[in-house]
Amino acid sequence: MTRRRIVTAIGILALIGGAITYVIQARDGGATENAVPVVSGQPMLLDGKTLFFRNLAPGPDSGKLAAVPVADPGTPRRVGELHCDRFAAAHGTAICLRLKPSSLPPLTEMLVLDANLHERHRETLPGTPSRARVSPDGRIVNWTLFVTGDSYAATGFSTRTGLYEVNTGRLVKTIEELAVFVDGKRYFASDVNYWGITFGADGNRFYATIASKGRTRLIEADYRAYRGTAIAENVECPSLSPDGRRIAYKQKTGPGTWRLAVLDLATHRITHPPESRQLDDQPVWRDTSTLLYPLRNPSGTQDIWSVGLATAPTLLIPNATTPSFS
C-alpha cells in the first residue's frame, strides 16, 4: 500500500471511530454527576428563536434533543422525548438521524420532521450517522453516513451522502453520480467519497467535500443541473455563511488532526479564527461573524463552543453537541 493510501486510510478510520465513539459515549451519558439544569418532557417547536442540540448531560435525558433560547443560551435546557444522534433544522423542516439499536451492519433511521417536530417521512439507510443539514429554504434535507463493505474503498470503509426533497418525496440515496469537474475535466475515480453538504439560500447551489486518491477538495455544485466543480483543496465538512460569502470548514493539519478555518469564496483567502484546538465536526454559523462547534471535554463527552472570526472562543453550552438553529 502506498504512503498516500495509508494516510487516507488512517483519516477515514479516524472519522469512523470518532463517529461510533461519539454515538456510544453520548448514549452512555458520560460522567456520573449532572450539574447541568435540565427541564424534562418539554414540547419542541421550530420557531426561529431556538438553538437545538443533543443533550449530553448525564442522566435519563442524555442523548435526547434539547433546546435553549438563542437570546439566552445559559437558561436551563428544555429536553423533549426525541432521540437523535444528529439533528439539523431550517425554515420549518428538521432532520433527525439515529442509529438503530443492535443493527449489524449498522443501520440509520432518517426522520424528516415538520415545524412541530412531528414525523413527515422516514427512511432506513445503511451506515452510522455522521453529518446532517437542511437547506435554508427547508426543501431539502441531506446527510452523510459512514458505511462498510463498499468494494471500491481500499480501507473497506466509505462515506455515503444523500438527499431528500421534502415537497416532492424524491430520494437520492447517494450523490456519487454527480458530474464533477476538476481543472476543467470530468473527474472519474473508483475511490470517490462525498461528505458534509451545505446549501446556499436558493436551495440549489451547494458545497460538499469530495475525497479521492488521498486528496480532499471543495466542490461547488448546481443541484438542478447536477454538476459540480472543484474550487479548493484540503476542505472538509464545509458550512456556508448566511450571506453566502464564506465557507467555514475543517482544515487538515496532519493525519487525523484538523483545525477550524474560513475560506473567502470571492478571494480564496484562508483565515483562521482564534481557535487552535482539534475540531472534528461540521461548524455552524450563528451569524455572519460567529461560529459554533463541539469540542471533546475531559469527561469524554462534548461541549458546544462559540468563536468570532477575530474574537476568542467561549464555552456556550456544556455537555452538548450537534448545534442547530431553527
Side-chain angles (χ1 to χ4, degrees), residues 15 18-19 51-54 70 86-91 93-95 97 129-138 140-144 159 161 163 175 194-211 216-221 223 228 230-252 258-266 268-275 277-295 302 304-310 313 316-317 320-326:
L15 285 169
L51 172 60
F52 289 90
F53 54 93
R54 292 190 68 238
V70 172
R86 287 281 169 175
F87 178 85
H91 204 74
T93 299
I95 179 174
L97 301 179
S130 174
R131 305 286 183 258
R133 284 292 186 270
V134 180
S135 62
D137 60 9
I140 299 175
V141 301
N142 67 83
W143 60 87
T144 300
T159 57
T161 297
L163 306 162
I175 64 169
Y194 296 92
W195 65 83
I197 290 181
T198 181
F199 270 89
D202 61 0
N204 181 60
R205 180 177 52 126
F206 72 88
Y207 298 85
T209 295
I210 179 174
T216 57
R217 296 180 173 92
L218 175 69
I219 60 168
E220 181 178 21
Y223 179 61
I231 62 171
E233 291 207 27
N234 194 18
V235 175
E236 300 184 45
C237 300
S239 180
L240 184 64
S241 62
D243 59 8
R245 295 174 53 193
R246 300 181 180 94
I247 292 281
Y249 65 98
K250 290 168 43 180
Q251 182 184 57
K252 180 170 282 188
W258 300 266
R259 69 170 300 183
L260 183 63
V262 175
L263 170 71
D264 186 294
L265 290 170
H268 278 214
R269 179 171 175 257
I270 298 171
T271 57
H272 296 95
E275 173 59 89
R277 290 172 293 180
Q278 164 79 346
L279 174 71
D280 190 12
D281 212 317
Q282 190 171 12
V284 173
W285 291 88
R286 180 173 185 169
D287 50 45
T288 56
S289 61
T290 310
L291 290 159
L292 305 187
Y293 49 96
L295 292 178
Q302 293 182 321
I304 294 174
W305 288 76
S306 172
V307 69
L309 298 183
L316 189 67
I317 305 175
T321 191
T322 313
S324 179
F325 295 100
S326 64

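Pro274 meets the side chain to side chain contact (heavy atoms under 4.5 Å, CB included) test with Val307; sequence neighbours excluded. Here Ala230 pairs with Val182, Arg217, Ile219 under the side chain to side chain contact (heavy atoms under 4.5 Å, CB included) rule; sequence neighbours left out. Partners of Ser135 under the side chain to side chain donor-acceptor pair (under 3.5 Å) rule, at least two apart in sequence or in another chain, are Asp137. Taking Tyr207 as the reference, nothing meets the ring pair (Phe, Tyr, Trp, His ring centres under 6.0 Å) condition, with sequence neighbours excluded. Taking Thr216 as the reference, nothing meets the side chain to side chain donor-acceptor pair (under 3.5 Å) condition, with sequence neighbours excluded. Looking at residues two or more places apart in sequence or on another chain, you find a side chain to side chain contact (heavy atoms under 4.5 Å, CB included) between Asn204 and Asp202, Asp222, Tyr223, Arg224. Under the rule for a ring pair (Phe, Tyr, Trp, His ring centres under 6.0 Å), Phe53 has no partner lying at least two apart in sequence or in another chain. Judged as a ring pair (Phe, Tyr, Trp, His ring centres under 6.0 Å), and not counting sequence neighbours, Tyr194 has no contacts. Here Thr161 pairs with Thr144 under the side chain to side chain donor-acceptor pair (under 3.5 Å) rule; sequence neighbours left out. Partners of Arg277 under the side chain to side chain donor-acceptor pair (under 3.5 Å) rule, at least two apart in sequence or in another chain, are Glu275. For Asp243, the side chain to side chain contact (heavy atoms under 4.5 Å, CB included) test picks out Ser241, Arg245, Arg246, Thr288, with sequence neighbours left out. Residues satisfying the ring pair (Phe, Tyr, Trp, His ring centres under 6.0 Å) test with Tyr293, not counting sequence neighbours, are none.
Across all their heavy atoms, Gln282 and Pro238 have their closest contact at NE2-O, 2.6 Å. Here the shortest heavy-atom pairing between Ala208 and Ile197 reads CB-CG1, 3.8 Å. Taking each heavy atom of Leu97 and Ile95 in turn, the nearest pair found is CD2-CD1, 4.0 Å. Shown here for His91 and Gly138, the closest heavy-atom pair between the two residues is CB-N, 3.7 Å. In terms of heavy atoms, Pro323 sits closest to Val284 at O-CG2, 3.4 Å.
Rounded to the nearest 0.5 angstrom, Leu263 CG and Arg269 CZ are separated by 11.0 Å. To the nearest 0.5 angstrom, Thr209 atom OG1 is 6.0 Å from Trp195 atom CH2. For the atom pair CG of Leu260 and CD of Gln278, the computed distance is 11.5 Å after rounding to the nearest 0.5 Å. The structure places CG of Asp280 at 7.0 Å from SG of Cys237, a figure rounded to the nearest 0.5 Å. Distance CZ/Arg86 to CH2/Trp143: 15.5 Å, rounded to 0.5 Å. Separating the CD atom in Glu236 from the CD1 atom in Ile210 is a distance of 12.5 Å, to the nearest 0.5 Å.
No side-chain heavy atom of Thr271 sits under 4.5 Å from any side-chain heavy atom of Leu309. The shortest side-chain heavy-atom distance between Ile231 and Leu265 falls under the 4.5 Å cut-off. The side-chain heavy atoms of Leu291 and Trp285, taken from C-beta on, include a pair separated by under 4.5 Å.
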*Apply side-chain contact (heavy atoms from CB on, under 4.5 Å) to Arg286 and Leu51, showing your working.*
CA-CA 10 Å; Arg286 180 173 185 169; Leu51 172 60; over 6 Å; no
*So Arg131 and Asp281, salt bridge (charged side-chain N to carboxylate O under 4.0 Å, His left out) or not? Walk me through it.*
CA-CA 8 Å; Arg131 305 286 183 258; Asp281 212 317; 3.8 Å; yes
*In sequence, state the C-alpha distance, the side-chain angles, and the governing distance for Ile140 and Phe199, and then conclude on side-chain contact (heavy atoms from CB on, under 4.5 Å).*
CA-CA 9 Å; Ile140 299 175; Phe199 270 89; 3.9 Å; yes
*Residues Leu316, Trp305; criterion side-chain contact (heavy atoms from CB on, under 4.5 Å); working and verdict*: CA-CA 5 Å; Leu316 189 67; Trp305 288 76; 6.0 Å; no
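Here the side chain of Glu220 pairs no donor or acceptor atom with the backbone of Phe206 at under 3.5 angstrom. Not one N or O on the side chain of Ser326 forms a donor-acceptor pair closer than 3.5 Å with the backbone of Ala89. Arg133 places no side-chain N or O within donor-acceptor distance of the main-chain N or O of Ser239, the cut-off being under 3.5 Å.
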